[in-house]
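Heads up: the structure comes next, in structure tokens.
Every heavy atom of this structure was used, including side-chain atoms; hydrogens, water molecules and symmetry mates were not. One is the number of the first residue; the rest follow in order along the sequence. The shown structure was predicted, so the numbers you read here are calculated from the model rather than taken from an experiment.
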Amino acid sequence: MILAKFLDTFLILSYIYISAGLCSLIVKPVLKVTLSPDQAKYIVLVLFSDVLCTTASVVIATAFFYLTENTTLGIIAYLAAELLIPLALEFVNMFPNLARYHPERFYFSGAASSLVTDFTSERPKRGF
């Protein structure tokens, strides 16, 4: 049952992100907008980053759901991964003594945004 819901979630998520990618491709000729290669790369990287963050949140929620066999705890784990932890990290960043350690980089959404920044600024070509 849990595996079926897990696979169903990933099928729906893949449909959502594939349709978002196709919409961004369709909008270009319809609106007669030309994107530079950097802009197209940025769109792909942001979609990839969103897929990674959503996948990580779903995996965390599925792990809680599987271990506890409680739907409520799975939903709370998903909401914590998507809302509460990022909100707590924003609160921590308000304190300069703690913000200098950049705690948001240790969470998967911060790591994914660092990935997008590194690839858009072409840092991987020069090395980290």
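The distance from atom CG of Leu67 to atom OG1 of Thr62, rounded to the nearest 0.5 Å, is 10.5 Å. Atom OG1 of residue Thr72 and atom CZ of residue Phe64 lie 13.5 Å apart, to the nearest 0.5 angstrom. To the nearest 0.5 angstrom, Leu7 atom CG is 11.5 Å from Ile12 atom CD1. With values rounded to the nearest 0.5 angstrom, Leu79 atom CG is found 11.0 Å from Ile85 atom CD1. The line from OG1 of Thr55 to CD1 of Ile60 is 11.0 Å long, rounded to the nearest 0.5 Å. With rounding to the nearest 0.5 Å, the separation of CG in Asn70 from CD1 in Ile75 is 9.0 Å.
Under the 4.5 Å side-chain criterion, counting only non-hydrogen atoms from C-beta, Val58 is in contact with Leu13. Side-chain contact check for Thr71 versus Phe65: some heavy-atom pair is nearer than 4.5 Å.
A side-chain hydrogen bond (donor to acceptor under 3.5 Å, both in side chains) check over residues 80-89, counting only residues at least two apart or in different chains, returns the pairs Ser57-Glu82. Sorted by first and then second residue, the ring pair (Phe, Tyr, Trp, His ring centres under 6.0 Å) pairs involving residues 68-99 (not counting sequence neighbours) are Phe91-Phe95.
The two residues Ala61 and Gly74 make their nearest non-hydrogen contact at CB-O, 3.4 Å.
Residues satisfying the side-chain contact (heavy atoms from CB on, under 4.5 Å) criterion with Val92, sequence neighbours excluded, are Leu98, Pro103. Every residue meeting the side-chain contact (heavy atoms from CB on, under 4.5 Å) condition with Leu115, not counting sequence neighbours, appears here in chain and number order: Phe48, Phe119. Every residue meeting the side-chain contact (heavy atoms from CB on, under 4.5 Å) condition with Val30, not counting sequence neighbours, appears here in chain and number order: Ile26. Shown here are the side-chain contact (heavy atoms from CB on, under 4.5 Å) partners of Glu69, two or more places apart in sequence or in another chain: there are none.
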Indicate every side-chain donor-acceptor pair of residues 104-111 with a distance under 3.5 Å to a residue at least two apart or in another chain.
residue, atom, partner, partner atom, Å
Glu104, OE1, Asn93, ND2, 3.2
Tyr107, OH, Ala81, O, 2.3

For a quick test of your reading: what N or O donor-acceptor pairs under 3.5 Å do the side chains of residues 14-24 make, sequence neighbours left out?
residue, atom, partner, partner atom, Å
Ser14, OG, Phe10, O, 3.1
Ser14, OG, Leu11, O, 2.8
Tyr17, OH, Thr54, OG1, 2.9
Ser19, OG, Tyr15, O, 2.9
Ser19, OG, Ile16, O, 2.8
Ser24, OG, Gly21, O, 2.6

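Using a 4.5 Å cut-off between side-chain heavy atoms of Ile, Leu, Val, Met, Phe, Trp and Tyr, with links allowed through other members, Ile43 and Val27 fall into the same hydrophobic cluster. Under the 4.5 Å side-chain heavy-atom criterion for grouping Ile, Leu, Val, Met, Phe, Trp and Tyr, Tyr42 is connected to Leu52 within one hydrophobic cluster.
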